[in-house]
Amino acid sequence: MTIQQAQEAAPAEGARTTSRPAGRRSKGWTRTQSVLRGVVLGIGAVAFLFPFYYMVIGSLQKKPNQTLSGLIPDPSNLTLDNFGAVNSRISLLSGLLNSGLFTGGVLLCTLVFGVLVGYALAVLEWRGRGVTFAIVLLVQVIPFQLLQIPLYVLVARNYGLADNVLGMILPFAINSTAVILFRQYFLQVPRELFEAARIDGARELRLLWSVAIPLVRPALVTGVLLTFIGPWNEFLWPFLITKQADRQPLAVSLANYITSVASSTANPFGAVTAGALVLAVPVVVLFIVFQRYFVSSDLGSGVKG
Amino acid sequence: MTAVTTPAAPTPVEQIDRRNPNDRLRHRILGRNPLGLLFSAPYLVFVVAVFASPVIYAVWIAFHDFFFAAPGADVSYPFVGFANFVYAFSNAQVIQSFGNVGVFLLINVPLTVVLSLLLAAALNRVIHLRVFLRISFYVPYITASVALVGVWLFLFGGDGLVNNLLGPLAPNPSWLVNQSLAMPVIAVYVTWKQLGFYILLYLAALQNVPRELYEQASTDGAGAVRQFWSVTVPGVRPATLLVLLVSTVTGANLFTEPYLLTGGGPNGASNTPVYLMYQLGVEQGLPDVASAIGIVLVIGVLIIAWLQNRFAGGRD
């Protein structure tokens with residue numbers, strides 16, 4: 001049913017119900033409604049946040065307590081040893097460093113090359129612009145399953161980039177969703193600004209750097225947030241191409257810990273949740289600090305194109 | 001969203017073209033700002049290297065007897081037609097893994113659409129705690145699956161919190177080692193983890209539903225439920241289609257969760273095509289068979305996406 005159809009259908013529906021005293025019924029109903037809404041949202045928030053609470057509680061327990069009473073912190077059962085336990089088998093620091101290099105490389109490429117192509121698509125007029133924009137949209141629907149094997153063959157075998165941070169970065173280098181977002185924001189910059197600057201004889205790169213980029217700074221922050229979660233959280237690709245433990249990002253080394261080491265340790269629950277906390281905290285903090293840049297309309301436009 | 005419409009750049013054409021005939025020719029071939037092509041060149045090279053050529057390579061590998069050789073070794077890969085496909089799909093495990101993804105999608109996709117629309121609609125009308133609620137809804141989405149799986153593993157473990165809560169009602173064998181519960185638990189986990197992203201999509205879509213429609217419906221006596229069905233649901237249909245498509249594509253890519261939560265078990269009950277592609281292609285050195293599975297999987301996803309577009313996309 002389209003909106004138009006809904007518009008037509010609504011009066012017909014109304015004709016049947018107007019005989020009832022709508023006013024009084026709706027007052028009580030509005031109240032019930034908002035209570036109901038509060039309950040739904042409350043249950044939602046608890047369901048979404050509880051595993052994070054459990055992660056924190058678990059990582060601090062000396063002896064794992066997986067019963068209901070374990071949910072309340074017990075001062076006699078608190079310790080930071082779990083972080084040491086997981087760190088003794090996988091180096092958290094080198095994992096964080098590798099994750100940081102991987103993510104940083106992707107962010108750098110996306111900010112430099114993504115902004116360039118976003119600007120070219122929004123502001124400049126050149127042959128091939130339409131095709132390039134179509135490509136940016138198309139790339140987003142190519143599923144990774146199809147690329148997984150050939151990329152592995154190319155990157156790990158042919159280019160010899162296994163266990164190399166460049167090999168990790170390559171498939172993620174320029175985030176196409178961020179490109180669309182940048183283009184979207186450059187489109188909103190009034191055209192006259194560019195024309196005025198051009199008549200002054202400013203060169204295109206300077207125009208981009210000193211006029212366009214300062215105007216779209218919020219888009220850059222949103223683009224960074226959007227791009228950050230990709231490589232930081234990615235598991236399959238770095239898992240495929242890094243076999244050396246000291247080259248693995250934290251997500252991969254933690255996964256190896258979960259599958260092969262944890263079960264043989266004294267407190268697997270504590271150690272795994274401690275590792276998980278270290279992996280989760282940087283992103284969660286980043287998103288809480290910059291939450292106002294991660295709003296629905298930006299994301300919606302980024303995804304919808 | 002007016003994104004797709006191309007803006008007309010009112011550049012003073014005459015000024016540029018008056019200079020000399022060479023310039024005019026250049027502008028006719030490359031457009032007014034050939035710099036645009038230069039600015040886009042790194043991105044285009046990236047797309048060719050990471051998307052276009054691997055897609056072609058994937059198809060080529062699937063139709064040849066392909067194996068890993070030492071770098072620089074001179075080997076030939078004979079053309080074998082559909083042999084890799086036949087080999088892959090005469091393997092019962094492969095068939096089972098496609099069935100598992102089917103089960104996953106049947107649980108995950110409807111649950112995702114219903115829950116994300118409901119929560120987004122509720123969140124859209126809230127005034128207090130809006131920021132807190134929004135953050136708490138998308139926090140699982142932005143967190144690494146490896147970290148969250150670590151928690152779920154213990155929540156749903158044999159002597160985990162969930163079983164301790166259920167007491168005698170706990171399933172036997174427990175969730176993750178239960179043939180008929182392993183895949184549903186994974187489906188619920190993925191729904192939970194991804195929901196925040198879809199809630200944000202729906203929130204954006206809800207801003208585009210004209211307020212007057214609600215007012216009109218309200219004066220006509222339509223209650224909240226009625227309004228939801230005849231104004232909200234049709235109003236966000238483009239977003240619903242997007243949610244359907246994205247959740248289907250994400251579901252078909254399933255790897256990390258079964259790998260870590262269940263190891264694909266028990267007895268392959270939670271194995272997925274992508275997990276098998278890893279086992280066959282990388283661990284067992286059969287990249288050609290893995291590639292064939294990948295191609296069939298993508299064709300399957302395209303068919304589902306086409307059906308969704310056909311039946312949920314409407315005619316507008």
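Below, chain A is the first sequence line, B the second, and so on; all start at residue 1. What's counted below: heavy atoms across the whole structure, side chains too, no hydrogens, waters or symmetry copies.
Shown here for Tyr138(B) and Gln291(A), the closest heavy-atom pair between the two residues is OH-CB, 3.4 Å.
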Between side-chain atoms of residues 44-55 of chain A and protein atoms elsewhere (two or more places apart, or another chain), which donor-acceptor pairs fall under 3.5 Å?
{"from": "Tyr53(A)", "atom 1": "OH", "to": "Leu71(A)", "atom 2": "O", "distance (Å)": "2.6"}

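In this structure, the side chains of Val47(B) and Ile174(A) stay at 4.5 Å or more apart for every pair of heavy atoms. The shortest side-chain heavy-atom distance between Tyr152(A) and Phe68(B) falls under the 4.5 Å cut-off. With contacts defined as side-chain heavy-atom distances shorter than 4.5 Å, the pair Val272(A)/Phe154(B) qualifies. Between Phe39(B) and Glu204(A) the shortest side-chain heavy-atom distance falls below 4.5 Å. Between Val283(A) and Thr143(B) there is no side-chain heavy-atom pair separated by less than 4.5 Å. In this structure, Leu116(A) and Tyr43(B) have side chains that are not in contact, with every pair of non-hydrogen atoms separated by 4.5 Å or more. Val50(B) places none of its side-chain heavy atoms less than 4.5 Å from the side chain of Phe172(A).
Ala252(B) touches chain A through backbone and side chain together, each having a heavy atom under 4.5 Å away. At a 4.5 Å heavy-atom cutoff, Leu277(A) makes no contact with chain B through either its backbone or its side chain. Residue contact with chain A, scored on non-hydrogen atoms closer than 4.5 Å, involves the side chain of Ile61(B) exclusively. Looking at Leu38(B), neither its backbone nor its side chain comes within 4.5 Å of chain A, counting heavy atoms on both sides. At a 4.5 Å heavy-atom cutoff, the contact between Pro268(A) and chain B is made by backbone and side-chain atoms alike. Residue contact with chain B, scored on non-hydrogen atoms closer than 4.5 Å, involves the side chain of Tyr119(A) exclusively. For chain A, the nearby part of Trp152(B) is the side chain; its heavy atoms alone come within less than 4.5 Å. Contacts between Leu119(B) and chain A at a heavy-atom distance below 4.5 Å involve backbone atoms as well as side-chain atoms. Contacts between Ile295(B) and chain A at a heavy-atom distance below 4.5 Å involve backbone atoms as well as side-chain atoms. Looking at Leu161(B), the atoms closer than 4.5 Å to chain A (heavy atoms on both sides) sit in the backbone and in the side chain alike. Neither the backbone nor the side chain of Val149(B) comes within contact range of chain A, judged by heavy atoms closer than 4.5 Å. For Leu35(B), the parts lying near chain A are the backbone and the side chain together; criterion is any non-hydrogen pair under 4.5 Å. At a 4.5 Å heavy-atom cutoff, the contact between Ile258(A) and chain B is made by side-chain atoms alone. Contact annotation for Val136(A): both backbone and side-chain heavy atoms come within less than 4.5 Å of a heavy atom of chain B. Within the 4.5 angstrom heavy-atom criterion, no atom of Tyr202(B) approaches chain A.
Partner of Pro54(B) under the side-chain contact (heavy atoms from CB on, under 4.5 Å) criterion, chosen from Leu146(A), Val153(A), Leu151(A): Leu151(A).
Looking only at heavy-atom pairs under 4.5 Å with chain B, the residue among Leu286(A), Val284(A), Ile149(A) that has the most is Ile149(A). With chain B as partner, the option from Val281(A), Ile142(A), Leu138(A) having the largest number of non-hydrogen pairs under 4.5 angstrom is Ile142(A). For the set Pro42(B), Gly294(B), Gly196(B), Ala121(B), the entry with the most heavy-atom pairs within less than 4.5 Å of chain A is Pro42(B). Of the residues considered (Lys193(B), His128(B), Arg125(B)), Arg125(B) shows the highest number of contacts with chain A, using heavy-atom pairs under 4.5 Å. Ranked by heavy-atom pairs shorter than 4.5 Å toward chain B, the options Ala120(A), Cys109(A), Pro150(A) are led by Pro150(A). Ranked by heavy-atom pairs under 4.5 Å with chain B, the list Ala276(A), Gly275(A), Pro64(A) is led by Ala276(A). Here Ala173(A) is the residue among Gly160(A), Gly114(A), Ala173(A), Ala280(A) with the most heavy-atom pairs under 4.5 Å with chain B. Taking Leu170(A), Val40(A), Thr273(A) one by one and counting their heavy-atom pairs under 4.5 Å with chain B, the maximum is reached by Leu170(A).
For Phe255(B) and Phe144(A), the distance between ring centers is not under 6.0 angstrom.
Using a 30° and 60° split on the angle between ring planes, Phe239(A) and Tyr278(B) fall in the tilted class, from 30° to 60°.
To the nearest 0.5 Å, atom CE of residue Met277(B) and atom CD of residue Gln148(A) are 4.5 Å apart. With rounding to the nearest 0.5 angstrom, the OH atom of Tyr259(B) is 10.5 Å from the CG atom of Leu236(A). Atom CZ of residue Phe46(B) and atom CZ of residue Phe113(A) lie 11.0 Å apart, to the nearest 0.5 angstrom. Taking CG of Leu147(A) as the reference point, atom CZ of Phe51(B) lies at 6.5 Å (rounded to 0.5 Å).
Between the Asn164(B) side chain and the Gln66(A) main chain, a donor and an acceptor come within less than 3.5 Å of each other. The closest donor-acceptor contact from the side chain of Arg129(A) to the backbone of Leu37(B) lies at 3.5 Å or more, if one exists at all. In this structure a side-chain-to-backbone donor-acceptor pair under 3.5 Å is present from Asn233(A) to Ile142(B).
For the side-chain contact (heavy atoms from CB on, under 4.5 Å) test, residues two or more places apart in sequence or in another chain that qualify with Ala251(A) are Leu279(A), Val146(B).
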